[in-house]
Asks: 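Structure below; questions to follow.
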Amino acid sequence: MSARALARGPRTVTLRPIRPRDQRAWQRLRLADDARLAPWEATLPPGSPDALGSFREYVRAQNRLARRGEAMPFVLEVDGVLAGQVSVSSIRWGALECATVGYWIGAQWEGRGVMTLAVAMVLDHLLGEQVGLHRVEIDVRPENTRSLAVCRRLGLRQEGLRRGLMFINGAWADHVVFAVVAEEVAAEGGFVSRLGRM
C-alpha cells in the first residue's frame, strides 16, 4: 500500500509486510527511540510463561499468524526509509469479523501526519473489499496524546475505557477504546479520501 502527498514533508508513505532483513533498520530505529516509546510499549508481566525472542523469531511468528489470517504485520516506510510499524492483530472471522490495530513511529517523522495517513491506509484495507472486516478497534493509553490525536483526526468513535487492558512498562494499564465499523465509512469513500478532503 502506498500514498502520496497527504502527509507534511514525505513524498511517499508505504506499508509492506515485515521481513527478516528489516532487522538492522528496525532495531536501530527502536533503540534510538526506546525512551520515548517505552511508556506505550507492551511488556510481559512477571511470571508470564511467554518469552521475548529474537527479531527473526518475532518476524517468523508474525508471518505465521498472517498466513493463518490472524495478523498483518506492516512496516511503515517514508520515502523508502523504515519509519515505524503498524500491526493488525487479533483478527477474528465468523460472526465477529474484527481486528485491533497498533502502531509506533520514529521521532523524526512524528507530528507530520505520517502515522495518521498510515492508519487511514490500514483501516481502508481492513474495512474494504481487500480484507472485508466489519469492525476495527484501536486501544490507546489515556496519557498518549499523540496517539489519541491520530484516532480523533480520523474521526474514530470513542467507546470507553478498558481497565487494566495491557501490561505496559511494568504495570497493567488502562486504555481508551476507539472503533469503527465498515458502514460508518463506506459512504465517504474511506479514510484516505477523508484525509484528502481535510
Side-chain angles (χ1 to χ4, degrees), residues 1-3 12-31 33 37 40-45 48-78 80-106 109 114-140 147 150-151 154 156 162 165-168 175 177-183 185-186 190-192:
M1 290 180 277
S2 187
T12 306
V13 173
T14 304
L15 290 159
R16 62 164 175 79
I18 194 168
R19 302 182 291 235
R21 67 175 179 248
D22 293 321
Q23 180 173 352
R24 183 171 287 139
W26 190 93
Q27 288 177 329
R28 186 174 34 234
L29 183 59
R30 287 301 304 230
L31 187 60
D33 282 340
L37 295 171
W40 322 119
E41 189 66 25
T43 54
L44 295 176
S48 172
D50 297 323
L52 295 176
S54 69
F55 180 82
R56 287 186 179 280
E57 290 169 335
Y58 166 73
V59 171
R60 276 197 298 271
Q62 289 298 303
N63 288 333
R64 198 168 34 253
L65 290 170
R67 284 191 299 276
R68 294 195 316 235
E70 298 173 9
M72 292 182 193
F74 294 110
V75 162
L76 167 60
E77 292 182 333
V78 175
V81 176
L82 195 147
Q85 191 170 352
V86 180
S87 298
V88 182
S89 62
S90 303
I91 299 175
R92 300 288 184 259
W93 297 99
L96 291 175
E97 293 188 355
C98 64
T100 301
V101 172
Y103 46 85
W104 62 269
I105 193 166
W109 295 281
V114 173
M115 188 51 76
T116 302
L117 175 56
V119 172
M121 292 163 61
V122 168
L123 291 175
D124 284 348
H125 181 65
L126 295 174
L127 297 167
E129 293 177 6
Q130 302 94 334
V131 178
L133 291 177
H134 180 255
R135 174 186 166 90
V136 178
E137 183 175 296
I138 299 175
D139 304 314
V140 180
S147 195
V150 168
C151 294
L154 289 171
L156 302 181
R162 283 188 162 177
L165 176 67
M166 196 178 306
F167 197 78
I168 294 183
H175 284 67
V177 180
F178 291 89
V180 61
V181 295
E183 295 88 348
V185 292
F191 285 95
V192 173

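Since the structure is predicted, the reported quantities are computational estimates derived from the model, not experimental observations. The first residue of the sequence shown is numbered 1, and numbering continues consecutively from there. Below, each value reflects all heavy atoms present in this structure, side chains not excepted, and no hydrogens, waters or symmetry copies.
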Asks: For Glu97 and Arg135, what are the C-alpha separation, side-chain angles and deciding distance, and is it a salt bridge (charged side-chain N to carboxylate O under 4.0 Å, His left out)?
Replies: CA-CA 7 Å; Glu97 293 188 355; Arg135 174 186 166 90; over 6 Å; no
Asks: Taking atom CE of Met121 and atom OG1 of Thr116, what is their separation to the nearest 0.5 Å?
Replies: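 Answer rounded to 0.5 Å: 12.5 Å.
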Asks: Could you tell me which non-hydrogen atom of Gly106 sits nearest to which non-hydrogen atom of Asp33, and how far apart they are?
Replies: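 Nearest pair, atom of Gly106 first, then Asp33: CA-OD2, 3.0 Å.
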Asks: Taking the side chain as every heavy atom from C-beta outward, state whether Glu137 and Val101 have any pair of such atoms under 4.5 Å apart.
Replies: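 Not in contact.
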Asks: Which heavy-atom pair separates Ala42 from Ile168 by the least distance, and what is that distance?
Replies: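 The answer is CA-CG1, 3.9 Å.
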Asks: How far does CG of Leu29 sit from CD1 of Ile105, to the nearest 0.5 angstrom?
Replies: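 Leu29 CG to Ile105 CD1: 9.0 Å, rounded to 0.5 Å.
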Asks: Please enumerate all residues that pass side chain to side chain donor-acceptor pair (under 3.5 Å) together with Arg21, with sequence neighbours excluded.
Replies: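 Checked Arg21 against side chain to side chain donor-acceptor pair (under 3.5 Å); zero matches.
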Asks: Quick one: does Trp109's side chain get under 4.5 Å of Val81's, heavy atoms only?
Replies: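 Yes. Closest side-chain heavy atoms under 4.5 Å.
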Asks: Is there a donor-acceptor contact under 3.5 Å from the side chain of Glu57 to the main chain of Ser54?
Replies: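 Judged by distance alone, yes, a pair lies under 3.5 Å.
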Asks: Is there side-chain contact between Ile138 and Val119, with at least one heavy-atom pair below 4.5 Å?
Replies: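 Contact flag for Ile138/Val119 side chains = yes.
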Asks: Return the minimal non-hydrogen interatomic distance between Tyr103 and Ser147, and the atom names on each side.
Replies: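 Heavy-atom minimum between the residues: OH-OG, 2.7 Å.
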Asks: Below 4.5 Å, heavy atoms only, C-beta onward: do Asn63 and Pro73 meet side chain to side chain?
Replies: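 Result yes, sub-4.5 Å side-chain heavy-atom pair found.
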Asks: Measure the CE-CD1 distance between Met72 and Ile18 for me, rounded to the nearest 0.5 Å.
Replies: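 One gets 15.0 Å once the value is rounded to the nearest 0.5 Å.
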Asks: Would you confirm whether Trp93, through its side chain, and Gly69, through its main-chain N or O, come within 3.5 Å as a donor-acceptor pair?
Replies: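 Indeed, once roles are kept as given, a pair shorter than 3.5 Å links the two residues.
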Asks: Under a 4.5 Å cut-off applied to non-hydrogen side-chain atoms, are Thr14 and Phe74 in contact?
Replies: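 No, every pair of side-chain atoms sits at 4.5 Å or beyond.
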Asks: Working to the nearest 0.5 angstrom, can you tell me the gap between Thr100 OG1 and Arg92 CZ?
Replies: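 Nearest 0.5 Å value for the OG1-CZ distance: 8.5 Å.
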Asks: Rounded to the nearest 0.5 Å, how far apart are CZ of Arg67 and CD of Glu70?
Replies: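 Arg67 CZ to Glu70 CD: 11.5 Å, rounded to 0.5 Å.
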Asks: Can you list everything that forms a side-chain contact (heavy atoms from CB on, under 4.5 Å) with Arg28? Sequence neighbours excluded, please.
Replies: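 side-chain contact (heavy atoms from CB on, under 4.5 Å) check on Arg28 returns Arg24, Ala25.
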Asks: Going through the checks in order, is the side chain to side chain contact (heavy atoms under 4.5 Å, CB included) test met by Cys151 and Val140?
Replies: CA-CA 9 Å; Cys151 294; Val140 180; 3.9 Å; yes
Asks: Side-chain contact test, heavy atoms from C-beta onward, threshold under 4.5 Å: evaluate it for Val122 versus Leu15 and give yes or no.
Replies: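 The answer is yes; the side chains approach within 4.5 Å.
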Asks: Kindly compute the distance separating CD1 (Ile91) from CG (Leu65), expressed to the nearest 0.5 Å.
Replies: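 With rounding to 0.5 Å, CD1 (Ile91) is 9.0 Å from CG (Leu65).
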Asks: Do the side chains of Val185 and Leu123 get nearer than 4.5 Å, heavy atoms only?
Replies: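 Heavy-atom side-chain distance check fails, nothing below 4.5 Å.
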Asks: Show the nearest heavy-atom pair for residues Met115 and Trp104, with the distance to one decimal.
Replies: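 Looking at all heavy atoms of both residues, the shortest contact is CE-O, 3.1 Å.
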Asks: Do the ring planes of Phe55 and Trp26 sit parallel (below 30°), tilted (30 to 60°) or perpendicular (above 60°)?
Replies: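 Taking Trp26 first and then Phe55, their aromatic rings sit tilted (interplane angle of 30° to 60°).
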Asks: I need the minimum non-hydrogen distance between Leu76 and Ala118, along with the two atoms involved.
Replies: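 The pair with the smallest heavy-atom distance is CD1-CB, 3.9 Å.
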Asks: Keeping Asp124 on the side-chain end and Val192 on the backbone end, is there a donor-acceptor pair under 3.5 Å?
Replies: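 Yes, because the side chain of Asp124 sits within donor-acceptor range (under 3.5 Å) of the backbone of Val192.
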